[in-house]
Peer 1: 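This is the structure I have questions about; it appears just below.
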Amino acid sequence: MYENSIRITEMNGDESIEIPENYVRLREGQNKLLAFNIKAPLFETAEIQRFFEGFNSSDKFNVNIAGTGDFSVNFRGIIDGKEKNFSQNTDHIILLLEEFYNPSKDEYKNFKRVSKFMPRGYFS
């Protein structure tokens with residue numbers, strides 16, 4: 001099933017979930033936000049929601065689409081899809097993930113301070 005599915009694995013653990021490819025449409029939005037439109041049987045969408053239930057909106061996961069290799073993402077949430085003209089046993093949810101960006105050491109050197117906060121003893 002791995003070759004025809006999307007596998008999402010928790011970065012700090014062994015928990016993972018596989019979603020059949022034929023249930024998913026992938027859209028990429030602005031700021032590297034990925035939207036997985038999932039139209040699947042009710043028991044499948046319930047399991048997906050249950051999998052992400054205990055995670056925060058910044059937890060990291062690895063995603064592998066059809067065995068092409070892992071890439072890292074941040075979990076951003078699950079929302080109900082607009083399309084509800086299905087049979088009673090089908091549901092539509094949207095899984096939001098954001099591509100994880102890890103700056104290089106050189107990029108850290110070029111960060112500009114944006115805060116006006118000065119630590120205690122800064123002026124002494």
Side-chain angles (χ1 to χ4, degrees):
M1 185 176 190
Y2 188 71
E3 292 174 358
N4 294 321
S5 65
I6 297 170
R7 183 182 186 97
I8 302 172
T9 308
E10 182 186 7
M11 190 87 84
N12 297 329
D14 296 328
E15 291 186 56
S16 66
I17 190 166
E18 285 192 29
I19 306 166
E21 238 180 34
N22 59 335
Y23 294 156
V24 181
R25 281 199 171 148
L26 177 63
R27 291 187 310 172
E28 185 175 3
Q30 297 176 349
N31 300 326
K32 299 194 178 205
L33 191 67
L34 302 171
F36 288 78
N37 282 301
I38 302 168
K39 296 175 187 172
L42 199 54
F43 67 91
E44 294 270 0
T45 58
E47 185 163 332
I48 294 166
Q49 290 176 337
R50 201 173 12 257
F51 176 77
F52 287 102
E53 207 167 66
F55 295 111
N56 296 321
S57 65
S58 61
D59 285 343
K60 293 177 180 31
F61 293 88
N62 285 323
V63 175
N64 190 328
I65 300 174
T68 58
D70 288 342
F71 62 94
S72 298
V73 295
N74 293 326
F75 174 64
R76 290 297 179 221
I78 295 178
I79 57 176
D80 284 331
K82 291 181 182 178
E83 197 171 329
K84 294 295 177 186
N85 297 328
F86 298 121
S87 67
Q88 289 180 324
N89 298 331
T90 307
D91 196 14
H92 179 206
I93 61 172
I94 301 171
L95 172 63
L96 299 172
L97 302 171
E98 179 183 41
E99 282 189 68
F100 178 67
Y101 174 70
N102 191 8
S104 67
K105 288 182 181 180
D106 291 335
E107 290 174 306
Y108 274 124
K109 292 177 186 175
N110 295 329
F111 276 144
K112 295 189 188 229
R113 187 183 186 120
V114 293
S115 173
K116 303 288 185 205
F117 174 76
M118 296 293 181
R120 274 190 202 167
Y122 185 79
F123 293 108
S124 34

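Note that the structure is predicted; figures quoted are calculated from it, not measured.
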Peer 1: Are the side chains of Leu34 and Phe71 in contact, using a 4.5 Å heavy-atom criterion?
Peer 2: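 Of all side-chain heavy-atom pairs linking Leu34 with Phe71, at least one is under 4.5 Å.
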Peer 1: Check side chain to side chain donor-acceptor pair (under 3.5 Å) between Ser72 and all other residues, then give those that pass, not counting sequence neighbours.
Peer 2: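 Here the qualifying residues are Asn62.
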Peer 1: Are Leu97 and Asn74 close enough that some pair of their side-chain heavy atoms sits under 4.5 Å apart?
Peer 2: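 They are not in side-chain contact.
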Peer 1: Taking only residues two or more places apart in sequence, or in another chain, which ones meet Ile94 in a side-chain contact (heavy atoms from CB on, under 4.5 Å)?
Peer 2: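 With neighbours one apart ignored, the set is Ala35, Asn37, Ile79, His92, Leu96.
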Peer 1: From Phe75 CZ over to Ser58 OG, what is the distance, rounded to the nearest 0.5 angstrom?
Peer 2: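 Result: 10.0 Å between the selected atoms.
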Peer 1: According to side-chain contact (heavy atoms from CB on, under 4.5 Å), who are the partners of Lys32, at least two apart in sequence or on a separate chain?
Peer 2: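 Only Glu99 meet the side-chain contact (heavy atoms from CB on, under 4.5 Å) criterion with Lys32.
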Peer 1: Is any side-chain heavy atom of Phe52 less than 4.5 Å from a side-chain heavy atom of Ile8?
Peer 2: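 When only atoms from C-beta onward are counted, Ile8 and Phe52 do touch, with a gap below 4.5 Å.
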Peer 1: Roughly how far apart are Glu44 CD and Glu18 CD, rounded to 0.5 Å?
Peer 2: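 That separation rounds to 11.0 Å.
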Peer 1: Does atom CD (Gln49) have a neighbourhood of more than 12 heavy atoms from anything else shown, all under 6.0 Å?
Peer 2: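 Counting neighbours around CD of Gln49, more than 12 heavy atoms of other residues, nucleotides or ligands fall under 6.0 Å, so yes.
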Peer 1: Run the salt bridge (charged side-chain N to carboxylate O under 4.0 Å, His left out) test against Glu98 and tell me which residues pass, sequence neighbours left out.
Peer 2: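 Salt bridge (charged side-chain N to carboxylate O under 4.0 Å, His left out) check on Glu98 returns Arg76.
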Peer 1: Roughly how far, to the nearest 0.5 Å, is the CD1 atom of Ile78 from the CG atom of Leu95?
Peer 2: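 Output value for this atom pair is 5.5 Å.
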Peer 1: Measuring from atom CE of Met11 to atom NZ of Lys60, what distance do you get when rounded to the nearest 0.5 angstrom?
Peer 2: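 Here the interatomic distance stands at 7.0 Å.
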Peer 1: Using modelled atom types and a 3.5 Å cut-off, is there a donor and acceptor pairing between side-chain atoms of Asn64 and backbone atoms of Gly67?
Peer 2: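 Checked: pair present.
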Peer 1: Out of curiosity, Asp91 CG to Ile38 CD1, how far, rounded to the nearest 0.5 Å?
Peer 2: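 Going from CG on Asp91 over to CD1 on Ile38, the span is 10.0 Å.
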Peer 1: Mind checking ring pair (Phe, Tyr, Trp, His ring centres under 6.0 Å) for Phe55 and listing every partner two or more places apart, or none if nothing turns up?
Peer 2: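 Expected list: Phe51, Phe61.
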Peer 1: Is there side-chain contact between Glu21 and Ile65, with heavy atoms separated by less than 4.5 Å?
Peer 2: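 Result yes, sub-4.5 Å side-chain heavy-atom pair found.
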Peer 1: Are Asp70 and Val63 packed together at the side-chain level, in the sense that at least one heavy-atom pair is separated by less than 4.5 angstrom?
Peer 2: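 When only atoms from C-beta onward are counted, Val63 and Asp70 do not touch, as no gap falls below 4.5 Å.
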Peer 1: Once side-chain contact (heavy atoms from CB on, under 4.5 Å) is applied, do any residues pair with Ser16, and if so which ones, sequence neighbours excluded?
Peer 2: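 Result, side-chain contact (heavy atoms from CB on, under 4.5 Å) vs Ser16: Arg7, Thr9.
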Peer 1: Compare every heavy atom of Ile48 with every heavy atom of Ile17, then report the nearest pair and how far apart it is.
Peer 2: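 The answer is CD1-CA, 3.7 Å.
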